[in-house]
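So that we are looking at the same thing, I have put the structure below in structure tokens.
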Amino acid sequence: MGKPSLPQGTRDFGPDVVRKRNYILNIIKSVFELYGFQPLETPALENLDTLMGKYGDEGDKLIFKILNNGLDNPVKEKQVREDFEKVLSGKSTNGITERALKYDLTIPFARYVAMNHNTLNFPFKRYQVQPVWRADRPQRGRYREFYQCDADVVGSKSLLNEVELISIYQEVFIKLGLINYELRINHRQILAGLAEICGGADKMMDITIAIDKLDKIGLEKVKEELINRGLTGEQTAIIENYLGISGDNNNILSNLFSLIGQTATGKKGIEEIKHVVEHSSSASLIIDPTLARGLNYYTGIIFEAKAPAEVKMGSIGGGGRYDDLTGLFGVAGIPGVGISFGVDRIYDVMEELKLFPDDVFISTQALFFNLSEKESKIAFPLMQEMRQHNIRCELYHEAAKFDKQFKYAEKKNIPFVIIIGEKEIAAKKAVVKDIRKGEQREIDFDELIHSIFN
RNA sequence: GUAGUCGUAGCUCAGUUGGUUAGAGCAUUAGAUUGUGGUUCUAAGGGUCGGGGGUUCGAGCCCCCUCGAUUACCCCA
């Protein structure tokens with residue numbers, strides 16, 4: 001075997017990285033808990049037919065499928081060969097693969113709700129932080145294994161849920177220090193109203209896909225794409241009008257109303273946005289008529305959280321309302337709304353803006369120097385007593401030169417070293433040195449547990 | 001899945017028109033320093049030049065394939 005390596009698009013997370021990731025995740029989870037959300041975990045594997053057909057044709061191709069075991073069983077050879085022919089022609093078949101790695105958290109959640117709707121206490125508010133897998137081509141900020149961090153409320157149509165989710169975004173981003181984030185908000189029914197006005201309700205998908213790209217490719221290219229997707233010049237002109245809407249939230253609302261307020265769907269969308277905006281205090285909340293979001297199961301309000309403009313990272317979270325997610329699994333009539341945090345991207349943004357606090361890196365607080373077998377026998381019970389008092393500490397594993405022990409402490413970011421040698425044992429006092437300040441003092445053995453090591 | 005760029009020591013990179021035993025800095029290890037680190041000095045270890053095949057008297061350098069990284073498209077977190 002050659003040099004070991006990782007599968008494409010996957011990563012190891014070293015100690016410092018895990019600490020920083022946990023810092024982010026702990027803040028998000030604690031805010032979820034604060035709002036009454038409950039944790040859920042589902043398996044890494046799902047049955048393939050639970051996932052297939054839920055993410056569109058592109059999505060199906062990106063699902064990691066797992067080869068069945070026992071395909072080499074001679075008894076099954078004929079069947080396996082037949083099934084494999086189907087695979088070659090682009091179909092997937094249970095004979096070859098019946099399990100797959102999960103592709104997102106939403107569909108497994110929908111499956112869970114469909115399976116347990118008789119026993120769940122609605123509205124059911126759950127959060128879920130787990131890895132998901134996509135056979136996509138990796139790029140910056142895009143991996144084949146990455147974490148999603150979702151919170152959803154199912155079994156309630158109340159817009160109070162939207163207001164609360166907006167508040168969660170606000171609270172999390174402020175706590176993380178991303179004070180200049182933006183939360184863009186729009187409504188699928190506003191987009192539907194636009195399509196209706198254009199006289200092309202059936203063209204809603206084409207319209208949303210095209211206008212979603214506005215900030216990326218510019219107005220001219222969007223118009224081009226609309227024409228290519230079969231819209232007339234007249235229809236395109238109406239859309240151009242729509243895209244030109246700007247100003248503060250009130251301005252946008254009144255402009256939207258005069259453009260598409262006469263359609264029932266458009267009107268409803270505008271009213272819902274208005275209601276939510278009026279009940280939210282976040283200054284980061286911005287109505288963005290060009291926001292569309294790809295996932296087509298959204299039916300109501302949609303969100304997209306953007307990183308502070310100075311880092312050019314784009315989306316760091318998103319979500320929206322869906323009327324009938326569990327319908328795919330035979331249980332109709334459970335509406336829901338959810339949001340998601342893009343943990344990997346939030347990490348990159350925080351790294352760039354240097355927002356991780358210094359104490360994230362401090363694990364062990366104090367290192368006992370090991371001067372000899374005899375002296376370490378005195379140090380060991382003192383260390384154990386400190387551990388009893390929740391002071392994180394360790395004893396250097398063998399007697400070594402000071403130089404070596406200092407370097408170990410320094411590299412591991414341990415702020416204090418405790419030196420106990422013959423002199424100290426005689427006086428029952430330990431030398432405690434603060435590495436960062438370069439200062440040291442003597443502390444009675446009995447007082448160590450009451451001293452401060454941070 | 002399509003296209004471009006790249007791949008030399010643990011890391012960052014040199015390496016001339018193809019020419020002997022492939023170099024540097026940082027990092028590592030040991031010593032100068034037997035109870036006080038971060039500085040300095042000395043020495044050492046570490047590379048089948050991503051992998052495979054080809055051209056050539058001779059390949060890190062040229063050609064083909066493959067793997068990986070990266071960027072754009074598609075799509076998305």
Side-chain angles (χ1 to χ4, degrees), chain A residues 1-11 14 24 28 55-63 90 102-106 128-150 208-210 212-213 216-217 221 225 292-296 303-307 313-320 338-349 367-372 375 396 399-426 430-442:
Chain A
M1 197 174 165
K3 286 182 185 175
S5 63
L6 288 172
Q8 189 181 29
T10 65
R11 302 158 287 170
I24 295 170
I28 295 174
Y55 308 106
D57 291 343
E58 283 299 317
D60 284 353
K61 286 183 200 157
L62 300 180
I63 293 170
K102 70 175 170 235
Y103 180 88
D104 74 352
L105 301 180
T106 308
Q128 191 169 353
V129 181
Q130 289 192 274
V132 300
W133 294 268
R134 296 186 186 177
D136 211 349
R137 176 150 305 203
Q139 277 181 38
R140 170 180 291 282
R142 274 171 85 170
Y143 304 93
R144 290 186 147 182
E145 178 186 68
F146 63 96
Y147 277 73
Q148 284 193 336
C149 183
D150 285 16
T208 54
I209 289 170
D212 198 32
K213 297 177 184 168
K216 217 173 179 181
I217 62 176
K221 294 261 179 185
E225 179 154 350
R293 285 191 71 76
L295 295 171
N296 45 23
F303 305 109
E304 185 153 312
K306 297 203 167 190
M313 180 61 76
S315 173
I316 53 174
I339 57 170
S340 173
F341 287 91
V343 180
D344 291 294
R345 287 188 178 177
I346 291 174
Y347 179 98
D348 289 343
V349 171
L367 176 71
F368 281 84
F369 271 21
N370 190 331
L371 304 202
S372 77
E375 285 140 329
Y396 196 78
K401 291 198 290 189
F402 271 42
D403 176 76
K404 224 175 166 177
Q405 305 198 42
F406 267 118
K407 278 183 175 158
Y408 176 81
E410 205 178 306
K411 281 188 182 155
K412 206 168 166 183
N413 241 303
I414 300 173
F416 292 90
V417 299
I418 300 176
I419 302 166
I420 296 173
E422 280 179 25
K423 278 184 290 182
E424 287 77 15
I425 291 171
V431 171
V432 175
K433 178 162 184 171
D434 183 329
I435 291 189
R436 292 169 299 189
K437 291 183 185 154
E439 295 166 0
Q440 64 183 51
R441 61 208 162 107
E442 294 189 344

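Sequence lines set the chain letters: A, B, ... in the order given, protein chains first and strands last, and positions in each chain run from 1.
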Under 4.0 Å between a Lys/Arg side-chain N and an Asp/Glu carboxylate O for A:Asp136 and A:Arg142? yes

Within less than 4.0 Å of OP1 or OP2 of B:rU28, is there a side-chain N or O belonging to A:Lys411? yes

Within a strict 4.5 Å, meaning less than it, do heavy atoms of the A:Gln440 and A:Val432 side chains meet? no

Between atom NZ in A:Lys306 and atom C1' in B:rC76, what is the gap in whole Å? 14 Å

Base-contact (B) and sugar-phosphate-only (S) positions in nucleotides 67-74 of chain B, heavy-atom cut-off under 4.0 Å, - elsewhere: -SS-SBBB

Give me the distance, rounded to whole Å, that separates B:rA77 from B:rG60 when you measure between the C1' atoms they each carry. 40 Å

Starting at CD of A:Glu422, measure out to CG of A:Leu371 and round the result to the nearest 0.5 Å. 9.0 Å

Given atom NZ of A:Lys404 and atom P of B:rU28, what is their separation to the nearest angstrom? 12 Å

For atom C1', what is the distance between B:rU17 and B:rU2, given to the nearest Å? 36 Å

For RNA chain B, what dot-bracket results from Watson-Crick or G-U pairs at under 3.5 Å, with [ ] for crossers and | for inter-strand partners? (((((((..((((.....[...)))).(((((.......))))).....(((((..]....))))))))))))....

Looking only at atom P, what distance separates B:rC64 and B:rC6, rounded to whole Å? 13 Å

Rounded to whole angstrom, note down the C1' distance from B:rC65 over to B:rG19. 27 Å

Separation of atom CD in A:Gln128 from atom P in B:rA77, rounded to whole Å: 15 Å

Other residues, nucleotides, ligands: >12 heavy atoms within 6.0 Å of A:Arg441 CZ: no

Could you pull out the closest heavy-atom pair between A:Arg144 and A:Ala135, with the gap in Å? NH2-O, 3.7 Å

If the C1' atom of B:rU8 is compared with that of B:rG51, how far apart are they to the nearest Å? 14 Å

Quick check on the 6.0 Å ring-centre criterion: do A:Phe369 and A:Phe402 meet it? yes

Determine the interatomic distance between C1' on B:rG38 and the same-named atom on B:rA27; round to the nearest Å. 15 Å

B:rG52 and B:rU12: how far apart are their P atoms, nearest whole angstrom? 23 Å

Closest approach of A:Lys102 and A:Pro131, non-hydrogen atoms and distance? CE-O, 3.6 Å

Roughly how many Å is it from CG in A:Asp60 to P in B:rC76, rounded to a whole number? 13 Å

Each nucleotide in nucleotides 31-44 of chain B should get exactly one letter: B, S or -. Can you fill that in based on protein heavy atoms under 4.0 Å? S---BBBB------

Show, in sequence, the C-alpha distance, side-chain angles and deciding distance for A:Phe341 and A:Val129, and conclude whether the side chain to side chain contact (heavy atoms under 4.5 Å, CB included) test is met. CA-CA 10 Å; A:Phe341 287 91; A:Val129 181; over 6 Å; no

Would A:Arg11 pass as a cation-pi partner of A:Tyr143, given that its NZ or CZ must be under 6.0 Å from the six-membered ring centre and within 45 degrees of the axis? yes

For A:Gln405 versus A:Phe368, what's the shortest heavy-atom pair and its separation? OE1-O, 4.3 Å

A:Ile63 CD1 - B:rC76 P separation (whole Å): 14 Å

How far does CH2 of A:Trp133 sit from OH of A:Tyr103, to the nearest 0.5 angstrom? 14.0 Å

A:Asp57 CG to B:rC76 P, in whole Å, measures 12 Å

If I take atom CG in residue A:Leu62 and atom P in nucleotide B:rG1, what distance separates them, rounded to the nearest angstrom? 11 Å

Please measure how far the C1' atom in B:rG15 lies from the corresponding atom in B:rA9, and state the result in whole Å. 14 Å

Could you tell me whether the side chain of A:Asp344 reaches within less than 4.5 Å of the side chain of A:Asp348, counting heavy atoms only? no

